[in-house]
There are 2 protein chains.
Amino acid sequence: MATGAPPPKGWQAIHDEVLRRIHARDWPPGHVIPNEVDLAREFGCARATVNRALRALAEEGILERRRKAGTRVALHPVSRATVDVPVIRREIQERGQRYDYRLLDRGTAQPPAAIRATLGAGEALHVTALHSADGAPYVFEDRWISLTTVPDAAAECFTSLSANEWLLARAPYTHGDIAFSAEAASDRDAELLDSSAGAPLFVIWRTTWDHDRAITTVRLAYAPGYRIRTRIGGVAAGGGQA
Amino acid sequence: MATGAPPPKGWQAIHDEVLRRIHARDWPPGHVIPNEVDLAREFGCARATVNRALRALAEEGILERRRKAGTRVALHPVSRATVDVPVIRREIQERGQRYDYRLLDRGTAQPPAAIRATLGAGEALHVTALHSADGAPYVFEDRWISLTTVPDAAAECFTSLSANEWLLARAPYTHGDIAFSAEAASDRDAELLDSSAGAPLFVIWRTTWDHDRAITTVRLAYAPGYRIRTRIGGVAAGGGQA
DNA sequence: CGTTGGAATATGTATAGACATAATCACATG
DNA sequence: CATGTGATTATGTCTATACATATTCCAACG
């Protein structure tokens with residue numbers, strides 16, 4: 001028979017039915033849908049079950065919920081994608097490639113103004129390194145670490161363990177900012193990544209924080225051809241089993 | 001007093017306490033934490049409350065949960081960021097800029113092999129357009145629409161309403177694939193985006209599906225300087241209030 | 001010794017009921 | 001008319017209990 005998927009039961013069934021009504025335009029964008037109590041009665045289940053389904057749809061960006069105002073179909077659907085930014089070593093090893101890490105430089109210095117704006121005044125630890133896959137350069141990492149937030153970093157050499165992994169273990173962050181962009185390879189980028197100056201590089205800027213204190217700011221310049229892939233929708237509300 | 005944040009109550013308090021123990025290495029990576037019943041007893045609450053907190057942490061990628069096996073601290077922490085890819089018109093208008101849409105070309109044709117692999121055999125609708133902000137080119141859109149999945153599209157001219165918005169309204173997708181990458185501007189990219197050939201462009205490839213049938217595949221080439229920003233952690237498990 | 005089958009167990013989900021909280025709306029008041 | 005205030009209401013959350021389900025573990029069996 002090979003039925004694609006068994007008919008869902010429980011809150012997922014409600015999730016799917018509500019989604020169907022939205023897609024079928026029974027409930028067009030902006031429409032306020034019935035409240036949880038009424039839906040529970042209609043579906044013959046407890047309110048908590050409806051709540052679970054609607055909350056999942058809200059987390060997907062399909063619904064917008066506000067107390068007292070009720071639940072409405074989102075006016076401006078956005079594609080909400082969850083991107084996993086993995087630890088570089090694992091990213092490479094999971095593809096079955098050999099991972100190499102080479103520290104290029106390490107020292108304390110006064111960071112440039114743009115970095116100082118987030119890391120705060122004073123000296124910081126500057127670490128540059130190259131990650132490679134099967135011998136080919138993969139990512140050029142240029143990182144500043146706050147010595148006020150992470151004083152222990154001053155004693156670490158980072159010759160064999162990448163700063164990223166050391167920090168993850170020693171100074172976990174509470175939140176962070178990420179930016180994806182395309183940059184032209186500088187002369188240094190080009191030399192290290194074995195490409196030519198001006199080549200389009202996929203670049204990730206990431207700053208991580210421990211509450212209100214910045215831990216580290218890093219620029220990751222990926223070798224040409226790199227891309228980040230992800231999905232939207234799909235698992236619906238299943239959660240995060242990789 | 002300006003206390004940064006009020007001490008959380010309920011399931012968020014448990015979420016934060018568990019996270020604290022993980023960060024404090026009371027529960028190191030790989031460690032199996034107590035089961036929900038024990039934690040509920042410890043925190044003096046119902047199991048459902050603990051469940052809510054642990055499920056949130058699992059969705060963040062901090063914990064891994066399996067029935068019977070229990071809950072363990074994730075061995076390989078990944079930065080799980082949720083990226084909102086907005087409708088281009090809104091993205092521009094929300095910054096207070098004027099939005100312009102110009103259809104460049106529209107016609108049915110045999111798509112190139114790479115597109116045909118996902119869209120299926122047969123002719124498809126090819127639409128190219130330029131979105132601009134305050135008169136400056138912003139995104140060059142190159143899209144193929146499956147006429148087998150969305151036959152209505154053949155009758156639409158796309159002169160004033162962008163294909164993206166038309167599709168969102170008429171042919172909602174169940175899931176999609178997204179890829180972010182950096183590409184060198186082709187001659188055509190450069191001409192349309194008012195930059196020079198070879199310039200690094202941020203490019204998004206997106207394919208959307210209605211169950212197992214592809215709806216559309218689009219390449220969005222953004223003008224130089226574009227970047228996508230997002231956060232990790234932060235709201236923890238609050239959900240999706242924009 | 002390997003395989004299989006069942007018992008044990010931790011999470012997943014559902015339920016009914018209750019209270020908390022935020023936001024809205026209508027009304028009264030200045 | 002502007003404004004504040006309180007009742008109303010829908011969602012947010014918690015509780016206690018129950019059953020479902022996936023896995024693991026172990027023991028019996030071939």
Side-chain angles (χ1 to χ4, degrees), chain A residues 5-18 22 27 30-75 235-242, chain B residues 5-18 22 27 30-75 235-242:
Chain A
K9 304 278 181 189
W11 68 267
Q12 293 215 14
I14 298 174
H15 170 281
D16 291 358
E17 171 59 16
V18 170
I22 293 171
W27 294 337
H31 182 83
V32 176
I33 76 173
N35 68 39
E36 296 185 346
V37 175
D38 290 346
L39 285 175
R41 201 172 6 239
E42 181 195 334
F43 291 121
C45 67
R47 184 169 79 91
T49 309
V50 173
N51 182 287
R52 184 89 160 79
L54 298 189
R55 205 178 52 224
L57 284 162
E59 278 169 20
E60 294 171 63
I62 310 282
L63 293 178
E64 287 172 3
R65 320 194 73 197
R66 266 167 42 229
R67 279 182 179 170
K68 161 76 182 175
T71 301
R72 64 175 53 208
V73 180
L75 272 174
V235 242
Q241 77 272 30
Chain B
K9 304 277 179 191
W11 68 267
Q12 292 214 15
I14 297 175
H15 171 282
D16 291 358
E17 171 59 17
V18 169
I22 293 170
W27 295 335
H31 182 82
V32 176
I33 77 174
N35 68 39
E36 295 186 348
V37 175
D38 290 345
L39 285 176
R41 201 174 3 242
E42 182 194 334
F43 291 121
C45 67
R47 182 167 81 90
T49 308
V50 173
N51 183 288
R52 183 90 164 80
L54 297 189
R55 206 178 52 224
L57 284 163
E59 278 169 21
E60 295 171 62
I62 310 282
L63 293 178
E64 287 172 2
R65 320 193 71 195
R66 266 168 39 232
R67 282 182 180 173
K68 161 75 182 177
T71 301
R72 64 175 53 208
V73 181
L75 273 174
V235 242
Q241 77 272 25

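Numbered from 1 within each chain, the chains take letters A, B, ... in sequence-line order. The figures here come from the full heavy-atom set of this structure, side chains too, leaving out hydrogens, waters and symmetry mates.
Contact check, B:Arg66 against C:dA10: no side-chain N or O comes under 4.0 Å of OP1 or OP2. B:Arg52 has a side-chain polar atom (N or O) that falls below the 4.0 Å cut-off from OP1 or OP2 of D:dT13. Contact between the side-chain N/O atoms of A:Asn51 and the OP1/OP2 oxygens of D:dG12 is found at a separation under 4.0 Å.
Protein atom CD of B:Glu59 is 14 Å distant from nucleotide atom C1' of C:dT11, rounded to whole Å. If you measure from atom CD of A:Gln12 to atom P of D:dT21, you get 13 Å, rounded to the nearest angstrom. Atoms CZ (B:Arg41) and P (D:dA16) sit 13 Å apart, rounded to a whole Å. The CD1 atom of B:Ile33 sits 12 Å away from the C1' atom of C:dA10 (whole-angstrom rounding). Atom CG of A:Asn35 is separated from atom C1' of C:dT24 by 15 Å (rounded to the nearest Å). Note: CZ (A:Arg65) to P (C:dT24) measures 15 Å, nearest angstrom.
Mapping B:Cys45 and A:Ala69 onto DNA chain D by nearest heavy atom places A:Ala69 at the nucleotide closer to the 5' end. Heavy-atom distances to DNA chain D give each of A:Leu54 and A:Ala48 a nearest nucleotide, and the one nearer the 5′ end belongs to A:Leu54. Toward the 5' end of DNA chain C, the nearer of the two residues B:Glu36 and A:Gly10, judged by each one's closest nucleotide, is B:Glu36.
Judged by distance alone with a 3.5 Å cut-off, a donor-acceptor contact links the side chain of A:Arg47 to the base of D:dG12.
Here D:dT9 is the nucleotide among D:dT9, D:dT13, D:dT15 with the atom lying nearest to any side-chain atom of A:Lys68. Proximity note for B:Thr71 (side chain, C-beta onward) versus C:dA14, C:dT11, D:dT15: the nearest is C:dT11. Residue B:Arg67 places its side chain closer to D:dA22 than to any other of C:dA16, D:dT15, D:dA22. For B:Thr49, the listed nucleotide lying nearest its side chain is D:dC14; candidates were D:dT23, D:dC14, C:dT15.
Contact annotation for A:Arg55: no contact, since no heavy-atom pair falls under 4.0 Å across all strands.
The aromatic rings of A:His15 and A:Trp11 lie perpendicular to each other, with more than 60° between the two planes, well past the 30° mark.
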